[in-house]
Structures are given as C-alpha cells and as structure tokens.
S.K.: 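Dropping a structure here in structure tokens format, bear with me for questions.
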Amino acid sequence: MAKVSMSVNGKPAEAEVEGRLLLSHFLRDNLGLTGTHIGCDTSQCGTCVVHVDGKVVKSCTMFAAEAEGKEVTTIEGMANPDGSLSKIQAAFQTHHGLQCGFCTPGMVMSTVALLKQNPDPSETEIRDYLEGNICRCTGYHNIVKAIQSAAAS
C-alpha cells in the first residue's frame, strides 16, 4: 500500500492504495466521483477522460500513484461555481449531444481540452479530436453540433 495525495476538483484528496490501483477506480471507488465512467478498460472508449495538470488523460491508463501531487479535474469539476452547467455542458444538453449519457463525461472533458487548443474548430477537426471517444448511440452528429455551439458562445 502506498499513500497518494492529490488535488481533485480543487479539493485535497489522499488515501492508502495498492500500487496497481487505476486512477479511474480511485476516483470512483475511493472518492465517490462516479461521473468518470469505465467503459472498456483498454483505453479505447474515452469514457474515463479526466484532466491531470490540465492535460487530457484516460484515467484507466494511469495508476493513482502516478497522480501523486497533481491536479486532477473530473466531470464533477466542470460545472460553474454556482452549480449551474458550464457552457459546454449546456450545449450538450441543448443540442441533445447525449442519449444514454454514458460517454458524455468523457466527451465533455475532451471538448474542454479541444476548445482550449482550438477555440474555433471545424467539423473535421472536432471529429478528428474525438477519435479516442466512442459514442454508441448518437452517431456524433449532435455531439458535433453541441461542440460547435459551445465554440461559438
């Protein structure tokens, strides 16, 4: 067992964990932040995307111990300070960028990173960026519309 400590959504978090514990399981099981989903355990689906020190990370590919001393942001940290939806979350809601919602947290986290890098992406750039995020029910059309709307606002 190893002690890990990090900041998660701006709050300190620490626990004794096994060295093999994945960050995704640490967030869900130790911290109760169930917005980070685990879809494939092979890093292909993107439902577990979080930000670590501002960079996009598939949390099922990172050990919790590797996040020692880092700043982790999950979907729970994306809302505005008053608890209302961020502009990206609101755009997903407005444009029906979700159906079952399972992929939505990872899509939102990836969108935040995309719009930081490219505030006005083309449809092709959006689709290319989301290549690591799999949605099994929307066909991406409304997700792309939501991202374009968030970029324009």
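Along the sequence shown, the residues carry numbers beginning at 1.
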S.K.: Quick one: pull up CD1 in I143 and CG in L130 and give me the separation to the nearest 0.5 Å.
M.R.: 7.0 Å
S.K.: Restricting to side-chain hydrogen bond (donor to acceptor under 3.5 Å, both in side chains), what partner residues turn up for R136, sequence neighbours left out?
M.R.: none
S.K.: What is the minimum heavy-atom distance between C45 and G39, and which atoms define it?
M.R.: SG-CA, 3.7 Å
S.K.: Once side-chain hydrogen bond (donor to acceptor under 3.5 Å, both in side chains) is applied, do any residues pair with K3, and if so which ones, sequence neighbours excluded?
M.R.: E14
S.K.: Could you measure the distance from the CD atom of Q117 to the CG atom of L115? Nearest 0.5 Å is fine.
M.R.: 9.5 Å
S.K.: What is the minimum heavy-atom distance between C48 and C60, and which atoms define it?
M.R.: SG-N, 3.4 Å
S.K.: Measuring from atom CZ of R20 to atom CG of L22, what distance do you get when rounded to the nearest 0.5 angstrom?
M.R.: 10.0 Å
S.K.: Measure the shortest side-chain to side-chain distance between P121 and L114 over non-hydrogen atoms and say whether it is less than 4.5 angstrom.
M.R.: yes
S.K.: Please report, to 0.1 Å, the donor-acceptor pairs under 3.5 Å made by any side chain of residues 63-70, with sequence neighbours excluded.
M.R.:
unit_1, atom_1, unit_2, atom_2, d
E66, OE1, F63, N, 2.7
E68, OE1, S5, N, 2.8
E68, OE2, S5, OG, 3.2

S.K.: Pair Q89, I75 - check side-chain contact (heavy atoms from CB on, under 4.5 Å), show working.
M.R.: CA-CA 10 Å; Q89 292 170 309; I75 189 67; 3.9 Å; yes
S.K.: Among pairs that include at least one residue of residues 24-34, which meet side-chain hydrogen bond (donor to acceptor under 3.5 Å, both in side chains), considering only residues two or more places apart or in two chains?
M.R.: none
S.K.: What pairs of residues pass the side-chain hydrogen bond (donor to acceptor under 3.5 Å, both in side chains) test when at least one of them lies in residues 50-65, not counting sequence neighbours?
M.R.: none
S.K.: Who else is in V72's hydrophobic cluster (ILVMFWY, side-chain heavy atoms under 4.5 Å, direct or via others)?
M.R.: V4, M6, V8, V17, L21, L23, F26, L27, L31, L33, V50, V52, V57, M62
S.K.: For residues T47 and C103, report the shortest heavy-atom separation together with the two atoms involved.
M.R.: CG2-CA, 3.9 Å
S.K.: Is a donor on one side and an acceptor on the other found under 3.5 Å between the side chain of S110 and the backbone of M107?
M.R.: no
S.K.: Between N133 (side chain only) and G106 (backbone N and O only), is there a donor and an acceptor less than 3.5 Å apart?
M.R.: yes
S.K.: Identify, with sequence neighbours excluded, every residue that meets side-chain hydrogen bond (donor to acceptor under 3.5 Å, both in side chains) alongside Q148.
M.R.: none
S.K.: Can you tell me how far apart OG1 (T111) and NZ (K87) are? Round to the nearest 0.5 Å.
M.R.: 11.5 Å
S.K.: Please enumerate all residues that pass side-chain hydrogen bond (donor to acceptor under 3.5 Å, both in side chains) together with S43, with sequence neighbours excluded.
M.R.: none
S.K.: To the closest 0.5 Å, what do you measure between CD1 (I134) and SG (C40)?
M.R.: 7.0 Å
S.K.: Should V144 and M109 be regarded as members of a common hydrophobic cluster, given that ILVMFWY residues are connected when their side-chain heavy atoms come within less than 4.5 Å of each other, either directly or indirectly?
M.R.: yes
S.K.: Tell me which pairs pass ring-ring contact (aromatic ring centres under 6.0 Å, His included) where either residue lies in residues 99-126, with sequence neighbours left out.
M.R.: H37-F102
S.K.: Run through the side-chain heavy atoms of Ile, Leu, Val, Met, Phe, Trp and Tyr, join any pair under 4.5 Å, and report what else lands in L85's cluster.
M.R.: none
S.K.: Test your reading of the model: is there a side-chain donor-acceptor pair from D82 to the backbone of S84, 3.5 Å cut-off?
M.R.: yes
S.K.: Quick one: pull up CG in L98 and SG in C137 and give me the separation to the nearest 0.5 Å.
M.R.: 8.5 Å
S.K.: Taking all non-hydrogen atoms of both residues, which atom of A113 and which atom of V56 are closest, and how far apart?
M.R.: CB-CG2, 3.1 Å
S.K.: Does CD in E131 sit with more than 12 non-hydrogen atoms of other residues, nucleotides or ligands closer than 6.0 Å?
M.R.: no
S.K.: Which pairs with one or both residues in residues 120-129 pass salt bridge (Lys or Arg N to Asp or Glu O under 4.0 Å), sequence neighbours excluded?
M.R.: E123-R127
S.K.: Taking ring-ring contact (aromatic ring centres under 6.0 Å, His included) as the cut-off, I'd like each qualifying pair that reaches into residues 108-153, sequence neighbours left out, listed once.
M.R.: none
